[in-house]
Amino acid sequence: MTALPPNAMGWTVEQVKQWAVAEVGIDAQDADQLVKQKIDGRALHTLTEAKLERWGIPGGPAGLLMEAIEGLGGGGGSSSVTARERSAGALPVVSESTVAFWRA
């Protein structure tokens, strides 16, 4: 197994599969779905648990992947909403000071 580049955003489809099997611990059959969908490092950060399940990755491995993706950081943007919350349709939490600013 070759070492993965430190910045997950630059991973290839095969490196994402390698990470999913070796680091996350999902089986190769589920990781093959990531290859089939051409999930590279950039696309990895756009995934939702619902999308993974729709592709045939069971809930357990899908949840593990989402948790691991959150741990990678480097997602798209500075939103405080986690990937798991995005997949559940949650909205970001807004602080009281932000609300007060917009009401003024």
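All residue numbers in this chain count up from 1 along the given sequence.
Rounding to the nearest 0.5 angstrom, the gap separating the CG atom in Asp30 from the CG atom in Leu64 is 10.0 Å. Atom CG of Leu4 is separated from atom CD of Glu14 by 11.5 Å, given to the nearest 0.5 angstrom. Atoms OG1 and CD, from Thr2 and Gln15 in turn, are 6.5 Å apart once rounded to the nearest 0.5 Å.
Two residues are said to be in side-chain contact when any heavy atoms from C-beta on lie closer than 4.5 Å; Trp55 and Leu47 meet this criterion. For the pair Thr12 and Asp40, the minimum side-chain heavy-atom distance is 4.5 Å or more. Side-chain contact between Leu34 and Trp19: absent, with no pair of heavy atoms (C-beta onward) separated by less than 4.5 Å.
By the side-chain hydrogen bond (donor to acceptor under 3.5 Å, both in side chains) test, Asp32 pairs with Lys17, sequence neighbours left out. Qualifying side chain to side chain contact (heavy atoms under 4.5 Å, CB included) partners for Asn7, counting only residues two or more places apart in sequence or in other chains: Met9.
Cluster membership for Ile39 and Val24, using ILVMFWY side-chain heavy atoms within less than 4.5 angstrom, is shared.
In this structure, Glu49 contributes its side chain and Met66 its backbone to no donor-acceptor pair below 3.5 Å.
The nearest pair of heavy atoms linking Thr46 to Lys51 is O-NZ, 3.7 Å. The nearest pair of heavy atoms linking Leu65 to Ala20 is CD2-CB, 4.0 Å. Here the closest non-hydrogen pair linking Trp11 and Pro5 is NE1-O, 2.8 Å. Among all heavy-atom pairs drawn from Leu72 and Ala8, the shortest one is CD1-CB, 4.0 Å. Across all non-hydrogen atoms, the minimal contact from Val35 to Val13 is CA-CG1, 3.6 Å. Val16 and Gly41 get closest at one heavy-atom pair: CG2-N, 3.6 Å.
More than 12 heavy atoms of other shown residues, nucleotides or ligands fall within 6.0 angstrom of atom CD in Gln37.
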